[in-house]
Amino acid sequence: MLSQLKSRVLVRTIFEEGSKLEGKEVTIAGWVYNKRAHGSLLFIDLRDGTGIIQISAHKDKVPMKVFDDVEKVTRESSVIAKGTVRTDKRAPGGYEVGLTGLQIVGLAEEWPLPIDAGVDVLFDKRHLHLRGEKQTLIMRIRASVFEALRDWFRQDGWIEVQPPMIISASVEGGATLFKMDYFGEVAYLTQSSQFYLEAMIQSLEKVYCLAPSFRAEKSKTPRHLTEYWHAEAEAAWMDLDDITKVEEQLVSHVCQFVAEKHGKDLEKLGRTPDDIAEIKIPFQRISYREAIERIKKKGLKIEYGDDMGADEELRLTEGLRKPIFVLEYPKSLKAFYHLPKPTDPSTVMCGDCEAPEGYGEIIGGGQRIHDKDTLIERIKEENLKPEDYEWYIDLRRYGTVPHSGFGLGVDRLVRWICRLDHIRASIPFPRYLTRRTP
Ligand code: NSS
């Protein structure tokens with residue numbers, strides 16, 4: 001069967017080189033996305049990995065057996081079709097294939113996802129739901145986001161590293177740790193690869209990783225997953241200002257790349273490509289203090305020292321076209337590793353990047369404590385045990401240097417770029433409070 005596919009033509013090629021293929025017989029292979037009938041004329045929209053093309057079969061013009069097979073074929077059946085390429089202004093994309101032969105490879109059972117299927121049904125059948133046009137577009141854009149992230153880091157001289165996913169102490173506090181039994185000892189799934197990147201900057205200076213992070217988030221929100229993809233970076237000799245510049249360049253590059261490559265796809269998702277193309281440096285920077293003032297002015301009840309939730313982030317970013325950095329939070333709101341500000345040690349040299357339109361925080365980062373005694377003091381202040389962080393403290397014993405880093409939530413970035421209601425649609429097989437299958 002597969003030998004016939006040696007001369008297979010991809011759907012994208014038909015659209016790109018249609019005039020050259022006009023009148024020629026081609027072999028295409030894929031899945032029946034849709035089937036329609038107009039009297040004695042049957043249409044199949046055939047999907048392959050590169051696009052969807054219309055195939056037509058007229059009862060009087062194709063052999064009886066071929067027409068019977070078209071009648072028989074069901075939605076999402078896999079087929080190998082032969083046919084003649086022709087221009088047709090009415091066909092989506094301007095070309096269609098006039099069928100001459102059809103081989104049904106896998107006749108599909110009745111498709112279990114009705115047009116009005118609810119979210120739970122769609123995500124119970126995510127393995128099938130992913131074939132939908134919108135989901136396919138999102139997955140393509142997601143792949144480009146990963147490509148653009150790697151692209152930028154490589155061009156800017158960062159080295160990709162691979163940290164462990166099984167770890168022994170918290171990075172972002174104990175409340176969201178997934179605990180596991182590790183041959184009779186306690187271990188956790190990583191919340192962030194930051195500490196491992198901090199270890200590797202001593203030899204490589206500028207490192208990054210693209211890896212999952214795990215958070216036992218009990219909250220049901222449109223921006224929290226329990227397993228999410230984290231682009232993390234760490235650099236020796238950089239301060240908060242340096243790392244903030246890195247972050248805005250990275251986000252800007254990803255946006256330019258996606259807007260350029262996926263203009264039409266973004267439009268289909270309801271996102272104006274220019275919105276994304278306009279995400280260029282510099283992004284605005286304000287202090288946490290200023291952010292609280294702005295939010296208060298918009299009528300929300302919040303005081304200096306309170307954390308910002310979704311409502312506050314929405315108020316802060318409504319009307320903005322670009323992400324905004326909120327710098328220097330009170331130390332009580334942040335993890336122990338952040339460097340206290342030398343002129344005001346009640347705040348830390350951290351920076352969060354908030355996406356516009358209320359999509360929320362996409363990056364958390366800042367400058368780290370590089371002095372051993374200060375670090376131990378902060379660990380104790382947070383009621384953590386210095387012995388759990390022995391190796392991390394070691395990094396301050398042997399040639400410590402000022403350094404900074406950040407973590408970008410890739411799924412949140414994809415959600416914002418694609419204008420998705422919920423983060424679960426940004427990742428192939430989402431994991432959240434109420435879902436760990438399929
Ligand atoms: O907790 S963070 O704010 N910061 C860290 O984990 C640092 N240790 C990273 C670093 O400096 N290397 O998380 C960073 C980002 C945050 O801004 C979100 O975009 C994303 O990770 N994030 C999440 N995305 C999806 N789901 C959940 N639950 C989630 N938690 C954080």
Side-chain angles (χ1 to χ4, degrees), residues 142 145 149 153 158 161 163 167 169-178 188-201 206-235 238 240 242-244 246-247 250-251 254 288 307-310 313 317 323-327 329 333-339 348-355 359-369 389 392 403-417 420 422-427 430-433 435:
R142 181 181 171 93
V145 167
L149 287 167
F153 278 124
W158 300 68
V161 297
I167 57 151
S170 83
V171 182
E172 298 296 329
T176 60
L177 274 176
F178 274 114
Y188 308 100
L189 292 176
T190 189
Q191 293 170 309
S192 159
S193 300
Q194 176 189 327
F195 293 175
Y196 295 92
L197 300 191
E198 284 186 65
M200 297 195 77
I201 59 167
K206 294 199 322 187
V207 297
Y208 76 99
C209 67
L210 297 176
S213 278
F214 303 87
R215 306 269 167 119
E217 300 276 1
K218 298 248 167 64
S219 45
K220 253 187 170 173
T221 81
R223 65 173 73 174
H224 285 98
L225 293 167
T226 50
E227 175 182 309
Y228 72 94
W229 279 79
H230 212 167
E232 298 190 83
E234 198 71 29
M238 282 197 189
L240 174 62
D242 299 325
I243 204 72
T244 307
V246 169
E247 294 167 26
L250 178 66
V251 171
V254 172
Y288 163 87
D307 213 352
M308 287 192 273
E313 288 177 339
T317 59
I324 179 172
F325 286 107
V326 181
L327 308 173
Y329 278 64
L333 293 178
K334 291 291 172 184
F336 68 87
Y337 54 73
H338 290 284
L339 180 73
V348 288
M349 301 300 281
C350 68
D352 286 352
C353 182
E354 298 283 336
Y359 281 95
E361 183 197 312
I362 47 171
I363 303 181
Q367 190 166 346
R368 323 302 191 189
I369 297 173
Y389 295 91
Y392 187 61
H403 63 285
S404 298
F406 65 89
L408 178 157
V410 186
D411 321 277
R412 288 194 183 177
L413 180 62
V414 172
R415 177 183 173 223
W416 161 49
I417 291 177
L420 306 174
H422 199 290
I423 194 168
R424 66 182 152 223
S426 71
I427 182 167
R431 301 292 182 245
Y432 45 93
L433 183 59
R435 181 162 299 283

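Just so we're clear, the structure is a prediction, and the values are computed from it rather than from any experiment. All ligand and atom numbering here is 1-based and tracks the order in the structure.
- Of all the heavy atoms of Phe406, the ones lying under 4.0 Å from any atom of ligand 1 belong exclusively to the backbone.
- Close approach of ligand 1 to Glu232 (heavy-atom distance below 4.0 Å) involves ligand atoms 9 (C), 10 (C), 12 (N).
- Less than 4.0 angstrom separates some heavy atom of Tyr337 from each of these atoms of ligand 1: 7 (C), 8 (N).
- Both the backbone and the side chain of Glu361 come within 4.0 Å of ligand 1, judged by heavy-atom distances.
- Judged by distance alone, with hydrogens and angles left aside, the side-chain atoms of Tyr359 form no donor-acceptor pair with the main-chain N or O of Glu354 at under 3.5 Å.
- For ligand 1, the polar-atom distance check against Gln191 finds no nitrogen or oxygen pair separated by under 3.5 Å.
- Every atom of ligand 1 is numbered from 1 in the order shown, and the set under 4.0 Å from a heavy atom of Ile362 is 17 (O), 19 (O).
- The residues Arg215 and Glu172 are annotated as not salt-bridged, no charged nitrogen and carboxylate oxygen being separated by less than 4.0 angstrom.
- Residue Arg223 touches ligand 1 through its backbone alone, judged by heavy-atom distances below 4.0 Å.
- Geometrically, ligand 1 and Glu172 share a nitrogen or oxygen pair separated by less than 3.5 Å.
- Considering backbone and side-chain N/O of Glu234, none are found under 3.5 Å from N/O of ligand 1.
- Residue Gly409 places at least one N or O, backbone or side chain, under 3.5 Å from an N or O of ligand 1.
- Annotation: atom 18 (C) of ligand 1 to nearest protein heavy atom, Arg412 NH1, 3.6 Å.
- At distances below 3.5 Å, at least one donor-acceptor pair connects side-chain atoms of Thr221 with backbone N or O atoms of His224.
- Among protein heavy atoms, the minimum distance from atom 15 (C) of ligand 1 is reached at Gly407 O, 3.5 Å.
- In terms of polar-atom proximity, defined here as any N/O pair under 3.5 Å, Ala233 makes no such contact with ligand 1.
- Under the side chain to side chain contact (heavy atoms under 4.5 Å, CB included) criterion, Leu433 pairs with Lys220, sequence neighbours left out.
- Closest protein heavy atom to atom 31 (C) of ligand 1: Tyr228 OH, 3.3 Å.
- By the criterion of a heavy-atom distance under 4.0 Å, neither the backbone nor the side chain of Asp352 is placed next to ligand 1.
- Listed by chain and number, the residues in a ring-ring contact (aromatic ring centres under 6.0 Å, His included) with Phe214 amount to none (sequence neighbours excluded).
- No donor-acceptor pair closer than 3.5 Å links the side chain of Ser404 to the backbone N or O of Ile243.
- Note that NZ of Lys206 is 10.0 Å distant from CZ of Phe153, once rounded to the nearest 0.5 Å.
- Nearest non-hydrogen protein atom to atom 28 (N) of ligand 1 is Leu225 O, 2.8 Å.
- Counting the atoms of ligand 1 from 1 in the order shown, those under 4.0 Å from a heavy atom of Gln194 are 7 (C), 8 (N), 10 (C), 11 (O), 12 (N).
- At a heavy-atom distance under 4.0 Å, no atom of Glu354 approaches ligand 1.
- Within the 3.5 Å criterion, the main-chain N or O of Tyr432 finds no donor-acceptor partner in the side chain of Arg424.
- Counting heavy atoms closer than 4.0 Å to ligand 1, residue Phe195 contributes nothing at all.
- The ligand atoms of ligand 1 that sit less than 4.0 angstrom from a heavy atom of Ile363 are 17 (O).
- Near Arg368, with a cut-off below 4.0 Å to any heavy atom, the atoms of ligand 1 are 10 (C), 11 (O), 12 (N).
- Arg223 places no side-chain N or O within donor-acceptor distance of the main-chain N or O of Ile423, the cut-off being under 3.5 Å.
- With values rounded to the nearest 0.5 angstrom, Arg368 atom CZ is found 10.5 Å from Leu339 atom CG.
- For the pair His230 (side chain) and Glu232 (backbone), a donor-acceptor distance under 3.5 Å is absent.
- Using modelled atom types, one side-chain atom of Gln367 and one backbone atom of Leu240 make a donor-acceptor pair closer than 3.5 Å.
- Nearest protein heavy-atom neighbour of atom 6 (O) of ligand 1: Arg215 NH2, 2.8 Å.
- In terms of modelled atom types and a separation under 3.5 Å, the side chain of Arg412 and the main chain of Gly360 share no donor-acceptor contact.
- Residue Asp411 has no nitrogen or oxygen atom sitting less than 3.5 Å from a nitrogen or oxygen atom of ligand 1, judged on distance alone.
- Two residues are said to be in side-chain contact when any heavy atoms from C-beta on lie closer than 4.5 Å; Ile362 and Trp416 meet this criterion.
- Panel note: side chain Asp352, backbone Val326; no donor-acceptor pair is recorded below 3.5 Å.
- In summary, the atoms of ligand 1 found under 4.0 Å from a heavy atom of Glu217, numbered by their order in the structure, are 28 (N).
- By the 3.5 Å distance cut-off applied to N or O atoms, Leu408 is not counted among the residues near ligand 1.
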